[in-house]
Undergrad: 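Here it is: the structure, laid out below.
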Amino acid sequence: MSQTVDRALSILPLLAEGPADLGKVANRLGVHKSTALRLLRTLHEHGLVYRQSDQRYRLGARLFALAQEAVENLDVREIAHPHLVALNEKIGHTVHLAVHEENEVLYIDKVESRYPVRMYSRIGKPVALTVAAVAKLLLSDLPENERRAIAEKLDYPMYTARSTPSAAAFLRELAAVREQGWATDLGGHEESINCVGAPIRGADGRVVAAMSVSAPNVVVTADELLTLLPLVRRTADAISREYSGNPAASGPAGAHGTSRTTPTKEHP
């Protein structure tokens with residue numbers, strides 16, 4: 001039974017490449033045409049494949065409907081939470097999860113630091129778009145014209161001397177984040193708080209959420225926090241794989257660029 005299911009499922013990625021006739025399906029599976037036909041008929045009965053008038057098979061509309069329904073029912077917070085907790089248990093610092101909704105970046109989950117000195121944040125609270133690591137990750141994935149339109153509308157409050165001062169500087173920073181696949185806020189919002197973050201991607205490679213680790217200087221220095229970046233990125237990749245349903249999904253740099261392996265402090 002498991003072999004039959006495996007063979008049937010192997011037909012779907014083949015047909016994703018384009019319509020195929022019975023012979024091609026049989027050859028790809030390494031089975032007799034009669035076996036391939038039985039599998040195709042079963043998939044056809046469930047609407048997962050469709051037989052065209054030229055006797056070739058293609059993916060069926062039912063498959064797309066199921067995929068859309070699955071995407072609509074995915075809850076990135078539910079999927080990410082166990083990973084965030086596990087990361088927090090390893091490193092002890094505050095872990096956040098954020099999404100971009102209606103022109104705001106909002107925290108949708110938080111695992112609190114185990115240290116007595118903590119940063120103030122709460123679920124549902126918008127983040128400072130021009131400095132927060134999670135905001136940079138989410139906005140950097142937008143098309144260039146959207147990034148530029150947002151950057152030109154924003155105010156650029158100088159929370160600290162390290163805050164992003166202008167739209168031009170913000171766009172340069174978003175371009176760098178888009179290329180490298182991670183982001184930081186090293187004292188840009190609060191002098192005493194540092195943060196490193198990584199993107200969570202969906203099946204199409206686009207950023208659907210962002211996670212970050214934050215800590216005050218009195219607990220860990222900026223340089224020490226940066227050493228945790230590989231662990232943060234591995235956690236984000238694990239969430240991405242589970243969320244997208246793709247074991248190969250990752251993406252330090254995702255679909256947009258190559259990863260820089262040595263983090264450096266940002267100077268807006």
Undergrad: With a 4.5 Å cut-off on side-chain heavy atoms, are Ile108 and Glu101 touching?
TA: no
Undergrad: Counting N and O atoms only, with roles assigned by atom type, does the side chain of Gln180 sit under 3.5 Å from a partner on the main chain of Trp182, one being a donor and the other an acceptor?
TA: yes
Undergrad: Identify the two heavy atoms, one from Ala198 and one from Leu137, that lie closest to each other, and give their separation to 0.1 Å.
TA: N-CD1, 3.3 Å
Undergrad: Take a 6.0 Å sphere around CD of Glu144 and say whether it holds more than 12 heavy atoms from other residues, nucleotides or ligands.
TA: no
Undergrad: Kindly say whether Pro143 contributes a backbone atom to a donor-acceptor pair with the side chain of Glu146 at under 3.5 angstrom?
TA: no
Undergrad: Does some side-chain heavy atom of Ser10 sit less than 4.5 Å from a side-chain heavy atom of Leu29?
TA: yes
Undergrad: What I'd like to find out is whether the side chain of Arg147 reaches to under 4.5 Å of the side chain of Arg178, using heavy atoms alone.
TA: yes
Undergrad: Considering only heavy atoms from C-beta outward, does the side chain of Gln52 approach that of Arg58 to under 4.5 Å?
TA: yes
Undergrad: Taking the side chain as C-beta and beyond, is there a heavy-atom pair between Arg201 and Asp141 under 4.5 Å?
TA: yes
Undergrad: Nearest 0.5 Å, please: how far is CD in Glu17 from NZ in Lys24?
TA: 6.0 Å
Undergrad: As an exercise, state the distance from CG of Leu22 to OG1 of Thr35, rounded to the nearest 0.5 Å.
TA: 10.0 Å
Undergrad: From Gln3 CD over to Asp6 CG, what is the distance, rounded to the nearest 0.5 angstrom?
TA: 7.5 Å
Undergrad: Taking all heavy atoms of Leu174 and all of Lys136, pick out the closest pair and write down the distance.
TA: CD2-O, 3.5 Å
Undergrad: If every non-hydrogen atom of Val25 is compared with every non-hydrogen atom of Ala36, which pair is closest and at what distance?
TA: CG1-CB, 4.1 Å
Undergrad: Counting neighbours of CG on Asn145 that are heavy atoms of other residues, nucleotides or ligands and sit closer than 6.0 Å, is the number greater than 12?
TA: yes
Undergrad: Taking Gly187's backbone N and O only, do any of them form a donor-acceptor pair with Asn194's side chain (distance below 3.5 Å, no angle check)?
TA: yes
Undergrad: May I ask you to test the Val220-Leu228 pair for a side-chain heavy-atom distance under 4.5 Å?
TA: no
Undergrad: With no hydrogens and no angle check, is any side-chain donor or acceptor of Arg162 less than 3.5 Å from a backbone partner on Leu186?
TA: yes
Undergrad: Give the minimum heavy-atom separation between Ser214 and Ile193, together with the two atoms involved.
TA: CB-CG2, 4.5 Å
Undergrad: Between atom OG1 of Thr160 and atom CD of Glu191, what is the distance when rounded to the nearest 0.5 Å?
TA: 4.5 Å
Undergrad: So, for Tyr156 and Ser166, which heavy atoms are closest and what is the spacing to 0.1 Å?
TA: CE2-O, 3.5 Å
Undergrad: Atom CG of Leu48 and atom CG of Leu15: how far apart are they, to the nearest 0.5 Å?
TA: 10.5 Å
Undergrad: Under a 4.0 Å N-O cut-off, is there an ion pair linking Arg206 with Asp204?
TA: no
Undergrad: Under 4.5 Å between any side-chain heavy atoms of Thr184 and Val177, yes or no?
TA: no
Undergrad: Taking the side chain as every heavy atom from C-beta outward, state whether Lys153 and Asn103 have any atom pair closer than 4.5 Å.
TA: no
Undergrad: Ser53: what forms a side-chain contact (heavy atoms from CB on, under 4.5 Å) with it, not counting sequence neighbours?
TA: none
Undergrad: Surrounding CZ of Arg51 (heavy atoms of other residues, nucleotides or ligands, distance under 6.0 Å), is the total greater than 12?
TA: no
Undergrad: Nearest 0.5 Å please: distance from the OG atom of Ser244 over to the CD1 atom of Ile200.
TA: 11.0 Å
Undergrad: Between His96 and Tyr107, what is the ring plane arrangement, given parallel below 30°, perpendicular above 60°, and tilted in between?
TA: parallel
Undergrad: Are more than 12 heavy atoms, taken from residues, nucleotides or ligands other than Tyr50, located less than 6.0 Å from that residue's OH atom?
TA: no
Undergrad: On a heavy-atom basis, which atom in Gly47 and which in Arg62 lie closest, and how many Å separate them?
TA: O-CB, 3.0 Å
